[in-house]
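Only one structure is covered here, and it is reproduced in the block below.
All values below were derived from every heavy atom in this structure, side-chain atoms included, with hydrogens, water molecules and symmetry-related copies excluded.
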Amino acid sequence: MPDYPQIQKAGKWDITIQQGSTFSRSVTFPDLDISEFEFRGMVKRLHKDRSALATWDIEVVANNEIECTLTHVQTAALPAEQLVHDIEMFYSSANTVLWVGRVLEGKVKVTAEVTK
């Protein structure tokens, strides 16, 4: 079991996504070994919405780096407006989540696609 990090405040990550294009970015946590954790995240119109417009595909690619991706199909379905997102890091054992910390949050500006 890892030492659970003390995350006082999620990092700010405002992004722009081009509707209909694949979006993929790396995020590095310089002072944090994330190798024993999993990640999840969603894009929503409003924080209070129950359902997500898109769910991040997040892969740990190094001891302190993740790759966050949305496919072109996912981004094509996003409305061309300002949205919100966050990403959580969590630890689970035997299919039970034991710890969760929000590591990133921010605004998502979606620019409209012309060519479809």
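Shown here are the ring pair (Phe, Tyr, Trp, His ring centres under 6.0 Å) partners of Phe39, two or more places apart in sequence or in another chain: there are none.
For the atom pair CD1 (Ile17) and NE2 (His85), the distance works out to 8.0 Å, reported to the nearest 0.5 Å. Remark: Lys109 NZ to Glu81 CD distance equals 13.0 Å, nearest 0.5 Å. Note that the CZ atom of Phe23 and the CH2 atom of Trp56 stand 4.5 Å from one another [nearest 0.5 Å]. To the nearest 0.5 Å, atom CG of residue Asp57 and atom CZ of residue Arg40 are 15.0 Å apart. Atom CG of Leu32 sits about 13.0 Å away from atom CD of Glu65, to the nearest 0.5 Å. Atom CG in Leu104 sits 11.0 Å away from atom CD in Glu88 (nearest 0.5 Å).
Trp13 and Ile66 end up in the same hydrophobic cluster when Ile, Leu, Val, Met, Phe, Trp and Tyr side chains are linked at under 4.5 Å. Trp99 and Phe29 fall within a single hydrophobic cluster, where Ile, Leu, Val, Met, Phe, Trp and Tyr are joined by side-chain heavy atoms under 4.5 Å apart, directly or via other members. Following chains of ILVMFWY side-chain contacts shorter than 4.5 Å, one cannot reach Ile87 starting from Met42, and the two form parts of different hydrophobic clusters.
Formation of a donor-acceptor pair under 3.5 Å by the Asp14 side chain with backbone atoms of Lys107 is found in this model.
Considering all non-hydrogen atoms of both residues, Leu98 and Ser93 come closest at CD1-CB, 3.7 Å. Across Gln74 and Ala54, no two heavy atoms sit closer than the pair NE2-CB, 4.4 Å. The heavy-atom pair separating Ser51 from Lys44 by the smallest distance is O-CG, 3.9 Å. Contact between Val27 and Cys68 at its shortest, heavy atoms only, is CG2-SG, 4.3 Å. When all heavy atoms of Thr55 and Leu70 are compared, the closest pair comes out as O-CD2, 3.6 Å. Taking every heavy atom of both residues into account, Arg102 and Ile7 meet most closely at O-CG2, 3.3 Å.
Pro5 is listed as a side-chain neighbour of Phe37, based on a closest heavy-atom distance under 4.5 Å. In this structure the side chain of Glu67 reaches within 4.5 angstrom of the side chain of Thr69, judged on heavy atoms. Considering only heavy atoms from C-beta on, Ser21 stays 4.5 Å or farther from His72 through its side chain. Between Ile34 and Met89 there is a side-chain heavy-atom pair separated by less than 4.5 Å.
Sparse packing is recorded around NZ of Lys9, with 12 or fewer heavy atoms of other residues, nucleotides or ligands lying under 6.0 Å away.
If you check the side chains of Gln19 and Thr75, you find no donor sitting under 3.5 Å from an acceptor.
The hydrophobic cluster around Val97 extends to Phe90, Val100, counting ILVMFWY residues whose side-chain heavy atoms fall within less than 4.5 Å of a member.
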